Every structure is written in C-alpha cells, then in structure tokens.
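Below: the structure, in structure tokens.
Remember, predicted model here, so these are calculated numbers, not experimental data.
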Amino acid sequence: MNDFQYHCPATVADATRLLGAAADGRYLAGGQSLLPAMKMGLSAPSDLVEVTRIAQLQGIRVERGTVTIGAGATHADVAASAEVRRAIPALAHLAELIGDPAVRSAGTLGGSIALNDPAACYPAGVLGLGATVRTDRRQIAADDFFTGMYETALEPGELIVEVAFPVPEHASWQKFKQPASRFSLVGVFVSKGPAGVRVAVTGAASCAFRATAFEQALAREWSAKAIAGVAQDADGLNADLHASAAYRAHLVGVLARRGVAASA
C-alpha cells in the first residue's frame, strides 16, 4: 500500500475542500472496495478523506411519502431501521442480504452507489424505486445516475449527501447470490409507485439497468401472470465461470415473477 495523507473532516464543506486540494484524493466511506484495491496496488491515492463521521451524511427520515437515507448510513443501519421496514420493507430486505455482518456494519449506501459495482445490490434498489441522489452540488435522478461499469454521473470531487426513495405501493427485492462473494449473480428489484412501474436488474450486465419489456407488461397488469411470457434478451449480458448470459437472462424472468408475486 502506498503512503497517503488521511483527513477526517466534520462537515461536507471541509470534505470537498480537502479533496479539491489533494493531488489525487479519494473519499473514504466503508472502504470495502477502496482499501483492498489499495492493498493490491490497483489504486494509489495521495489523500483519503473519510466521510463517515460527517453528521450531515447520517440519519434516516420518513416524510411526505419519501424515505431519505444519509449517504453515510451503513447497510446494517438500513436493514435495522424501523422506519425503512415500515415504509419500504423491500429496501430493508435488500440491505440485510448484502455480504455478511462485517460488510454490513462498514459498507455504506453512498459508497456502494458511487462505486457502482456491476453486481452490487443498491444500484438496483435506487433504480428500481426511482430514487433521487442528492449531492453537495445537485440532485440526480436514478435513471441518469448509473452510466456504465464502475461509472456514474458524479463529477470529480462531487460528494453524495443522501438518497431520497419514494414510498411505493408494491415492491420486492429478489436476489440470486454468488455463494462465495454474496454479490448478486442476478438481482431484481420490482416496484409500483410514484415513479411508475419499475423492474431494475443488477449482476446481469456491466451496469444496473431497467428491464423495460417486463415494465410494460406490468403496467397493464401488476401480476406474475402478466409477465409469464416475457423474456429478457441475453445479448450484452455478462457471461463468466459462474453463469452464462442465457442463464442470467432466464434468472431475470424468474426473479421478476417471484418479486411481483411476493409484493402482492
């Protein structure tokens, strides 16, 4: 691991100022991906700016049909939140299935979506609920946030402050995990609510995406039967030693139908 300067600011303004002054700085949240990358020499930042102790990035609140979660909230915080469990139980279920207890106690919502790992769970939840990502500079709609493999709409130095999730009428998270890593081999988040009908998929491609054929069928009728004959195109999906593209495409349909049935 390379030498670096460590900073622990107390405010968002201080964090962004410190990062802006660094030669090659990185925000440090849970460190679940950044620190291993540094240990392997794949990343060598000059400065680490820890953001987990910033009060503005903490907390969970429910108001006016929206669940707002601070970017620094851990997966364990979301899974255990009585507010989230009441308002969007599918989102709490997603959080409680991430990794293991050690990962859930350290990993954060903001860190997960900022990294945008192709097999991470939170991108599907954000996209599947039509959430809004709020940063120190602006608000970004979920449909505009995830742009490619490990790529997002975030600009250099931009810091996620919180994520606002509209409370849906129906929602469910279904995950087919890779046993060793516990990442999603395929994960599907389905919802019907203020953001319309949404079917978001992770693990199947280079980036989380919406399965529009399923959404169109469910918009006509919210039932597992309505998507019984809908299939996900395998073109462009991931294929590796764990699963072929065709298998992942099949799983999208299976998990979407399970999710709609469970949400009812």
Side-chain angles (χ1 to χ4, degrees), residues 1-40 42-63 66-85 88 91-92 94-96 98-117 120-123 125-126 131-140 145 150 152-165:
M1 183 182 289
N2 64 294
D3 293 334
F4 58 86
Q5 294 294 317
Y6 170 77
H7 311 275
C8 189
T11 67
V12 168
D14 285 344
T16 56
R17 175 182 56 80
L18 287 165
L19 196 79
D24 183 19
R26 297 287 189 278
Y27 290 124
L28 175 65
Q32 301 297 284
S33 298
L34 177 57
L35 295 182
M38 291 174 63
K39 290 178 180 179
M40 292 186 289
L42 301 176
S43 182
S46 63
D47 296 71
L48 291 181
V49 180
E50 183 169 350
V51 297
T52 57
R53 301 184 189 183
I54 298 176
Q56 188 180 348
L57 305 188
Q58 303 300 320
I60 298 171
R61 64 185 187 275
V62 181
E63 52 191 5
T66 301
V67 176
T68 303
I69 303 176
T74 66
H75 310 324
D77 291 337
V78 177
S81 168
E83 291 87 353
V84 178
R85 286 184 173 274
I88 315 178
L91 188 60
L94 180 151
E96 71 184 359
I98 295 174
D100 55 29
V103 169
R104 290 192 291 274
S105 66
T108 64
L109 167 60
S112 176
I113 65 172
L115 179 66
N116 192 22
D117 187 292
C121 299
Y122 263 124
V126 172
T132 300
V133 180
R134 296 170 180 162
T135 76
D136 63 308
R137 306 176 189 178
R138 55 184 172 143
Q139 299 190 59
I140 309 172
F145 186 80
Y150 295 108
T152 70
L154 292 173
E155 298 173 350
E158 191 169 9
L159 178 62
I160 299 172
V161 175
E162 61 188 16
V163 182
F165 298 87

Which heavy atom in Leu18 sits nearest to a heavy atom in Pro9, and how many Å separate them?
CD1-CB, 3.9 Å
Here the pair of heavy atoms bringing Ile60 nearest to Ser81 is CD1-CB, 3.8 Å
Interatomic spacing from CG in Asp47 to OH in Tyr27 - rounded to 0.5 Å:
11.5 Å
4.5 Å side-chain heavy-atom contact, Arg85 and Glu96
yes
Contact check, side chains of Ile113 and Thr152, non-hydrogen atoms, under 4.5 Å
no
Distance (rounded to the nearest 0.5 Å) between Thr52 OG1 and Leu28 CG:
7.0 Å
Closest non-hydrogen atoms of Arg138 and Ala153, given as atom of the first, atom of the second and distance, are NH2-O, 2.7 Å
Counting N and O atoms only, with roles assigned by atom type, does the side chain of Gln32 sit under 3.5 Å from a partner on the main chain of Gly30, one being a donor and the other an acceptor?
yes
May I ask you to test the Leu91-Val84 pair for a side-chain heavy-atom distance under 4.5 Å?
yes
Check step by step if salt bridge (charged side-chain N to carboxylate O under 4.0 Å, His left out) holds for Asp24 and Arg26.
CA-CA 7 Å; Asp24 183 19; Arg26 297 287 189 278; 2.5 Å; yes
Smallest heavy-atom separation, Ala22 atom then Ser46 atom, equals CB-OG, 4.2 Å
Could you check whether any side-chain heavy atom of Leu109 comes within less than 4.5 Å of a side-chain heavy atom of Tyr122, counting everything from C-beta outward?
yes
Might you work through the side chain to side chain donor-acceptor pair (under 3.5 Å) test for Glu162 and Thr68, ending with a clear yes or no?
CA-CA 7 Å; Glu162 61 188 16; Thr68 303; 5.2 Å; no
Can you check whether Leu48 reaches Leu34 side chain to side chain, under 4.5 Å on heavy atoms?
yes
In Å and rounded to the nearest 0.5 Å, what is the OG to NE2 distance from Ser112 to His75?
5.5 Å
Between Gln139 and Thr132, does any side-chain donor sit less than 3.5 Å from a side-chain acceptor?
no
With heavy-atom distances below 4.5 Å as the criterion, would you say the side chains of Thr74 and Val78 are in contact?
no
For Arg53 and Cys8, work out which heavy atoms get closest and say how close.
CD-SG, 3.4 Å
Where do Ala164 and Thr66 come nearest, in terms of heavy atoms and distance?
CB-CG2, 3.7 Å
Mind checking whether Asp136 and Glu158 have side chains closer than 4.5 Å, heavy atoms only?
yes
Rounded at 0.5 Å granularity, tell me how far OG1 in Thr135 sits from CD1 in Ile160.
8.0 Å
Checking Arg104 side chain against Ile98 main chain: does a donor-acceptor pair fall under 3.5 Å?
yes
Flag side-chain contact, heavy atom, 4.5 Å: Glu155 against Arg137:
yes
